[in-house]
Amino acid sequence: MELQYLLDSVGKTCRGISEDVEILRQVNLELRRGETLAVIGSSGSGKSTLLHLLGALDTPTSGRLLFNGQSLPDLSPGKKAWVRNRHIGFVFQFHHLLPEFSIEENVAMQAMIAGMPKKECLEKARIMLERVGLAHRIGHRVATLSGGERQRAAIARAVLLEPEVLLADEPTGNLDEKNGDSVADLLLELNRTAGMTLVVVTHNRELANRLGRCLELRSGELHETL
């Protein structure tokens, strides 16, 4: 499989009140197109920071980070925004849906931001909502959806433009076991049917065990799980 991400001795340090705080240190990772990867670790271990680096939401303070052969940190802000919009989908623990819009409009929003005609965006959103099992909720507002349905809508929004990579930060963290399993099933289905590379940050060992690889962050360093 083609190499998609290469992290070579990546570090991330943030400035604290009295001293700098090292969040990630000497992280090495090769991730190939279509792989599924779980990253586990205790709170504060750097999991979300690693995901933000992979998604070009943050930049490392040391090391190399390549995406499809390009150095992400060296891209211009505009180019990074384009990569995030067209190549990388994001799913977070909190769905971040906007209550003043319908679910259909929420899902279509990223495509509209990308400059696609509104009518086409809404049509793509309807198709994607059907794909994630929310055809009966098209036109509804966020407040009328269950937690699991809101997370499914958030996933539909993330994958509307068919990104190469789907990054998920605790995607089942706010869901009960039944809804969590359903969301996990959907993420893995998208990996199988669309070939999206899937990286999931999670505390959920059962979810982690369903992915092809599982790595653990401990004290800012990435390790193979035992």
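Remember, predicted model here, so these are calculated numbers, not experimental data.
- Cluster annotation: L6 is not connected to V165 through the hydrophobic network of ILVMFWY side chains, with a link wherever side-chain heavy atoms come within less than 4.5 Å.
- Atom CD of E206 has 12 or fewer heavy atoms from other residues, nucleotides or ligands within 6.0 Å.
- T59 places no side-chain N or O within 3.5 Å of a backbone atom of P73 that could act as its donor or acceptor partner.
- T36 places a side-chain N or O within 3.5 Å of a backbone atom of G212 that can act as its donor or acceptor partner.
- Annotation for L122 and A108: closest pair CD2-CB, 3.9 Å, computed over non-hydrogen atoms.
- L66 and L7 are not part of a single hydrophobic cluster, where members link through side-chain heavy atoms under 4.5 Å apart.
- A heavy-atom distance below 4.5 Å is not found between the side chains of L207 and L187.
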Notebook entry, point to check: Should L217 and L222 be marked as a side-chain contact (heavy atoms from CB on, under 4.5 Å) after you check the CA-CA gap, both sets of side-chain angles, and the distance that decides it?
Noted result: CA-CA 5 Å; L217 267 170; L222 200 58; 3.7 Å; yes
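- Of all heavy-atom pairs between L211 and A38, the closest is CD2-N, 3.7 Å.
- None of V200, V201, V39 except one satisfies the side chain to side chain contact (heavy atoms under 4.5 Å, CB included) rule with L51; the exception is V201.
- Looking at R152 and S182, their side chains do bring a donor and an acceptor atom within 3.5 Å of each other.
- Here the straight-line distance linking atom CG of L186 with atom CD1 of I155 works out to 4.5 Å at 0.5 Å rounding.
- With a 4.5 Å cut-off on side-chain heavy atoms, E224 and L215 count as touching.
- Between D74 and R64 no salt bridge is recorded (no basic side-chain N to carboxylate O distance below 4.0 Å).
- Between atom OG of residue S9 and atom CZ of residue R25 there is a gap of 13.0 Å, rounded to the nearest 0.5 Å.
- Within the 4.5 Å cutoff, no side-chain heavy atoms of L160 are placed close to those of M116.
- Checking each of T49, D58, T61 against K12 for a side-chain hydrogen bond (donor to acceptor under 3.5 Å, both in side chains) leaves exactly one that passes, namely D58.
- Atom NE2 of residue H140 and atom OG of residue S102 lie 10.0 Å apart, to the nearest 0.5 angstrom.
- Pairing each heavy atom of L129 with each of A156, the nearest pair is CD2-CB, 4.3 Å.
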Checklist line | Worked check of side-chain contact (heavy atoms from CB on, under 4.5 Å) between V199 and Y5 | finding: CA-CA 11 Å; V199 181; Y5 279 102; 5.6 Å; no
Next item on the list: Report the C-alpha separation of Q4 and N68 in whole Å, then their side-chain angles, then the decisive distance to 0.1 Å, and conclude whether the side-chain contact (heavy atoms from CB on, under 4.5 Å) test is met.
Entry: CA-CA 5 Å; Q4 193 160 54; N68 291 338; 3.4 Å; yes
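- One distance of note links OG1 of T13 with CD1 of I23; it measures 7.5 Å at 0.5 Å rounding.
- Cluster annotation: V83 is not connected to I113 through the hydrophobic network of ILVMFWY side chains, with a link wherever side-chain heavy atoms come within less than 4.5 Å.
- Ion pairing of R126 with E123 is present here, as a side-chain N (NZ or NE/NH1/NH2) and a carboxylate O approach within less than 4.0 Å.
- No chain of hydrophobic side-chain contacts below 4.5 Å, direct or via other Ile, Leu, Val, Met, Phe, Trp or Tyr residues, connects V107 to M112.
- In this structure, CG on L3 lies 11.0 Å from CZ on F67, to the nearest 0.5 angstrom.
- Considering every non-hydrogen atom in both L166 and A158, the closest pair reads CD1-CB, 3.9 Å.
- Proximity of a side-chain donor or acceptor of Q70 to a complementary backbone N or O of L75 within less than 3.5 Å is not detected.
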Note to self: Between V142 and R150, is the side-chain contact (heavy atoms from CB on, under 4.5 Å) condition met? List the steps.
What the structure shows: CA-CA 7 Å; V142 174; R150 294 177 189 184; 3.9 Å; yes
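- Hydrophobic clustering places L57 together with L37 (ILVMFWY residues linked when any side-chain heavy atoms are closer than 4.5 Å, directly or through intermediates).
- Put simply, the side chain of Q151 never gets that close to the backbone of T172: no donor and acceptor are under 3.5 Å apart.
- At most 12 heavy atoms of other shown residues, nucleotides or ligands fall within 6.0 angstrom of atom CD in E177.
- In E162, the CD atom is not crowded: 12 or fewer heavy atoms of neighbouring residues, nucleotides or ligands sit closer than 6.0 Å.
- Side-chain atoms of E149 come within 3.5 Å of backbone N or O of S146 as a donor-acceptor pair.
- Side-chain contact between Q110 and N85 is present, with heavy atoms from C-beta onward closer than 4.5 Å.
- The two atoms that bring I40 and K47 nearest to each other are C-CD, 3.4 Å, heavy atoms only.
- Ring planes of H87 and W82: perpendicular class, angle over 60° (limits at 30 and 60°).
- A donor-acceptor pair is defined here as one N or O able to donate and one able to accept, closer than 3.5 Å; no such pair exists between the side chain of R86 and the backbone of L161.
- Going from atom CG of L97 over to atom CE of M109 covers 9.5 Å, rounded to the nearest 0.5 Å.
- The minimum heavy-atom distance linking T202 with A208 is given by the pair CG2-CB, 4.2 Å.
- Side-chain atoms of E104 never come within 3.5 Å of backbone atoms of A125 as a donor-acceptor pair (strictly under, hydrogens ignored).
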